[in-house]
Visitor: 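Pasting a structure below so you can have a look.
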Amino acid sequence: MTYEEILANARGNMGPCKVCPVCNGLGCKNTIPGPGSKGTGTVAPRNYNAWQNIYLNLDTIAENRGVDTSLELFGRTFSMPVFAAPIGAVGNHYGSLLDEGTYTKTLAQGCVDAGIAAFTGDGLKEIFFQAGCDAMSAAGFAIPTVKPWHRDLVFKKMDYAKSMGAEVIAMDIDASGLPFLKKMDPPSGPKSVAELREFADYAGVPFILKGIMTVKGAKKALEAGASAIIVSNHGGRVLDHTPATASVLAEIVDAVEGKIPVLVDGGIRTGYDVFKALALGAAAVLIGRPFVTTVYGGGAEGVQVYVNKLKAELSDAMEMTGCASLADITRDVIRYE
Ligand SMILES: Cc1cc2nc3c(=O)[nH]c(=O)nc-3n(C[C@H](O)[C@H](O)[C@H](O)COP(=O)(O)O)c2cc1C
């Protein structure tokens, strides 16, 4: 199965997603329900475009040692620094071909088979979070991502995640911008540093905060005891007019001073984009929408095909810039034009 065949299989089967040759946010614009971004629909394209403005510094005067794309994180070894991003409620956004259970199980297993891992999502129906935890348990590893509900519901969901064997739990703190969360009673949404510290303690496993876009936010996440942060604007779905994640990544990495790993997502589509994110200081990246396409168009095998493609591209970038390991990918291997 080739990547092009996966896209062809998926086309016409993904509800409002048109399965564009390049998933750059232009085809879906502001289509929600659907995979689009909020308001003007310009944030997802901005995320994508920002990576395209970064270039690689070719330099092959180096020892010919081969390249090692492996990553150590959360006490585990991964084949490359890429995770599938949490995508919840696929049935609402991509039509009815796959239910939440089938989607998350296929994705989590496909990722583990490919040596990486999936984050799983959350949503209004209880089954959305549970399906992710069940998939994690079946696959052996995944990272459930709970939304910033009210305290008791967060605790209840964390209890379920832990009962299913979660080794790491994430929270998409930026989900406060989703309309259904705004309407919740008791109120859900923004959380103080003290409230987040309570969640981090209650998790009892590494707790990741996803949806950090400022130096100030990163410092608050550190204060709250986060074990890692994810620079993310939720693919443009929670607030219109935000900058691209690639634009804010370096300053956030600098502010964190290596105290915890900084991950990033938003418009990362190829292994070359992964390389650029690492050069700006990310420990790893998450990729969202393209993994949905690979599962719809190719199942667990589709995930393997996409991961192989990403790995070949990242390896090419490393080899051609004189980087034998991920640690060698520093800011001097990229430039802006
Ligand atoms: C349909 C859809 C559903 C999503 N659901 C979740 C979710 O449940 N939890 C979460 O943290 N992020 C969710 N996200 C955001 C993604 O995890 C990710 O941050 C975003 O899509 C940016 O990455 P991408 O440009 O590679 O898609 C969702 C995104 C989409 C498009």
Side-chain angles (χ1 to χ4, degrees), residues 14-17 20 22-38 41-52 82-95 98 100 103-104 107 118-133 135 142-149 157 169-181 208-213 229-239 242 244-246 263-270 273-274 277 282 284-296 306 310:
M14 295 191 66
C17 171
C20 304
V22 178
C23 178
N24 56 12
L26 291 178
C28 50
K29 289 195 186 102
N30 58 356
T31 310
I32 303 179
S37 355
K38 198 171 177 179
T42 51
V43 173
R46 184 174 307 128
N47 280 343
Y48 172 82
N49 289 333
W51 301 111
Q52 309 319 307
V82 171
F83 296 89
I87 302 270
V90 285
N92 293 355
H93 300 294
Y94 291 95
L98 298 183
E100 202 75 8
Y103 172 74
T104 49
L107 177 72
F119 284 70
T120 59
D122 192 5
L124 204 48
K125 292 187 193 154
E126 210 165 315
I127 179 69
F128 295 149
F129 186 75
Q130 281 182 1
C133 295
I143 303 178
T145 310
V146 62
K147 297 211 177 292
W149 310 105
K157 293 203 180 210
I169 296 178
M171 172 176 280
D172 50 331
I173 188 66
D174 60 351
S176 310
L178 297 173
F180 69 83
L181 224 103
I208 304 175
L209 280 173
K210 174 174 182 281
I212 305 296
M213 283 296 287
I229 56 171
I230 303 173
V231 172
S232 174
N233 52 26
H234 220 101
R237 295 168 70 82
V238 291
L239 177 66
T242 57
T245 51
L263 287 73
V264 64
D265 75 13
I268 296 167
R269 298 293 173 258
T270 66
D273 298 338
V274 177
V285 311
L286 280 65
I287 297 179
R289 297 167 176 102
F291 272 105
V292 187
T293 313
T294 61
V295 171
Y296 274 66
Y306 185 47
L310 292 168

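Just the heavy atoms: all of them, side chains too, but no hydrogens, waters or symmetry mates, feed the values below. Ligands are counted one by one from 1 in listed order, and the atoms in each one are counted from 1 as well.
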Visitor: Show the atoms of ligand 1 that are less than 4.0 angstrom away from any heavy atom in I287.
Guide: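 So the atoms of ligand 1 that pass are 26 (O).
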
Visitor: Identify the protein heavy atom lying closest to atom 10 (C) of ligand 1, giving its residue, its atom name and the separation to 0.1 Å.
Guide: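 Here the closest protein heavy atom is D172 OD2, 3.2 Å.
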
Visitor: Backbone or side chain, does any N or O of G288 fall under 3.5 Å from an N or O of ligand 1?
Guide: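 It does: an N or O of G288 is found under 3.5 Å from an N or O of ligand 1.
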
Visitor: Any side-chain to backbone donor/acceptor pair from W51 onto A277? Under 3.5 Å, distance only.
Guide: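 Checked: no pair found.
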
Visitor: For ligand 1, is there an atom lying under 4.0 Å from some heavy atom of G267?
Guide: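 Checking ligand 1 against G267, which is what was asked, there is a heavy-atom contact under 4.0 Å.
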
Visitor: Nearest protein heavy-atom contact for atom 30 (C) of ligand 1: which residue, which atom, what distance?
Guide: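 Heavy-atom neighbour on the protein nearest atom 30 (C) of ligand 1: R237 NE, 3.4 Å.
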
Visitor: Can you sort out the partners of S37 under side chain to side chain contact (heavy atoms under 4.5 Å, CB included), two or more places apart, ordered by chain and number?
Guide: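 For S37 the side chain to side chain contact (heavy atoms under 4.5 Å, CB included) partners, ignoring immediate neighbours, are A44, P45.
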
Visitor: Going by distance only, is there an N or O of T145 that falls short of 3.5 Å from an N or O of ligand 1?
Guide: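 The answer is no, given that T145 and ligand 1 share no N or O pair closer than 3.5 Å.
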
Visitor: So is there a nitrogen or oxygen of P35 less than 3.5 Å from a nitrogen or oxygen in ligand 1?
Guide: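 No, no N or O pair falls under 3.5 Å.
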
Visitor: To the nearest 0.5 angstrom, please state how far the CG atom of L310 sits from the CD1 atom of I268.
Guide: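 Between L310 CG and I268 CD1, I get 10.5 Å after rounding to 0.5 Å.
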
Visitor: Would you mind reporting whether F180 and K147 have side-chain heavy atoms less than 4.5 Å apart?
Guide: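 Yes. Closest side-chain heavy atoms under 4.5 Å.
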
Visitor: Under 4.5 Å between any side-chain heavy atoms of M171 and W149, yes or no?
Guide: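 The answer is no; the side chains never approach within 4.5 Å.
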
Visitor: May I ask you to identify the nearest protein heavy atom to atom 18 (C) of ligand 1, giving residue, atom name and distance to one decimal place in Å?
Guide: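 Of the protein heavy atoms, D265 OD2, 3.2 Å lies nearest.
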
Visitor: Which heavy atom of K38 sits nearest to which heavy atom of R237, and what is that distance?
Guide: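 That closest heavy-atom pairing would be CD-O, 3.6 Å.
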
Visitor: Do you know the tightest heavy-atom contact between D265 and S232?
Guide: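 The answer is OD1-OG, 2.7 Å.
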
Visitor: Around atom 15 (C) of ligand 1, find the nearest protein heavy atom and jot down its residue, atom name and distance.
Guide: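 That would be H234 CD2, 3.5 Å.
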
Visitor: Could you measure the distance from the CD1 atom of I87 to the CG atom of L107? Nearest 0.5 Å is fine.
Guide: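 Answer rounded to 0.5 Å: 9.0 Å.
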
Visitor: Using a strict 4.0 Å cut-off to heavy atoms of K210, name the atoms of ligand 1 that fall inside it.
Guide: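 Contacts of ligand 1 toward K210, numbered from 1: 10 (C), 11 (O), 12 (N), 15 (C), 16 (C), 17 (O), 18 (C), 19 (O).
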
Visitor: Identify the heavy atoms of P35 and Y94 that sit nearest to each other, and give their distance.
Guide: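 What the structure gives for the nearest pair is CB-OH, 3.2 Å.
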
Visitor: If you count the atoms of ligand 1 from 1 in the order shown, which ones are under 4.0 Å from a heavy atom of R269?
Guide: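 Matching atoms, with element in brackets: 24 (P), 25 (O), 26 (O), 27 (O).
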
Visitor: Which atoms from ligand 1 have a heavy atom of H93 less than 4.0 Å away?
Guide: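 Those atoms are 1 (C).
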
Visitor: Can we say D174 and K210 salt-bridge, meaning some charged N sits less than 4.0 Å from an Asp/Glu carboxylate O?
Guide: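 Result for this pair is no, no salt bridge flagged.
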
Visitor: When you measure from atom 5 (N) of ligand 1 to every protein heavy atom, which one gives the shortest distance, and what is it?
Guide: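 Looking only at protein heavy atoms, the one closest to atom 5 (N) of ligand 1 is G88 N, 3.0 Å.
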
Visitor: Counting both backbone and side chain atoms, is some N or O of I268 under 3.5 Å from an N or O of ligand 1?
Guide: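 No; every N/O pair is 3.5 Å or more apart.
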
Visitor: Going by the order shown, which atoms of ligand 1 are within less than 4.0 Å of some heavy atom of S232?
Guide: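 That gives atoms 19 (O) of ligand 1.
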
Visitor: With heavy-atom distances below 4.0 Å as the criterion, list the atoms of ligand 1 near K147.
Guide: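 By the 4.0 Å cutoff, the relevant atoms are 7 (C), 8 (O), 9 (N).
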
Visitor: Working to the nearest 0.5 Å, report the span between OG1 of T270 and OH of Y306.
Guide: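 Separation between the atoms: 7.5 Å.
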
Visitor: Please round to the nearest 0.5 Å and tell me the distance separating atom CZ of R46 and atom OG1 of T245.
Guide: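 Taking CZ in R46 and OG1 in T245, the distance rounds to 11.0 Å.
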
Visitor: Which residue and atom name correspond to the protein heavy atom nearest atom 23 (O) of ligand 1, and how close is it?
Guide: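 Sorting protein heavy atoms by distance from atom 23 (O) of ligand 1 puts G266 N, 3.7 Å first.
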
Visitor: Looking at CG of N24 and OH of Y48, how far apart are the two atoms once the value is rounded to the nearest 0.5 Å?
Guide: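 Going from CG on N24 over to OH on Y48, the span is 6.0 Å.
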
Visitor: Please write down residue, atom name and distance for the protein heavy atom closest to atom 21 (O) of ligand 1.
Guide: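 That would be R289 NH1, 3.8 Å.
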
Visitor: Any non-hydrogen atom of G123 lying under 4.0 Å from ligand 1?
Guide: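 No, G123 has no heavy atoms under 4.0 Å from ligand 1.
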
Visitor: Quick check on contacts: which atoms of ligand 1 are under 4.0 angstrom from a heavy atom of G121?
Guide: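 Matching atoms, with element in brackets: 8 (O).
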
Visitor: Please list, in number order, the atoms of ligand 1 under 4.0 Å from a heavy atom of G235.
Guide: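 So the atoms of ligand 1 that pass are 20 (C), 22 (C).
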
Visitor: Let me confirm one number: the CZ-CG distance from F119 to L263, rounded to the nearest 0.5 Å.
Guide: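 One gets 6.0 Å once the value is rounded to the nearest 0.5 Å.
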
Visitor: Using heavy-atom distances, let me know which of P86, A85, P290 sits nearest atom 28 (C) of ligand 1.
Guide: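 It is P86 that holds the nearest heavy atom.
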
Visitor: Quick check: D122 and ligand 1, any N/O pair under 3.5 Å apart?
Guide: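 It does: an N or O of D122 is found under 3.5 Å from an N or O of ligand 1.
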
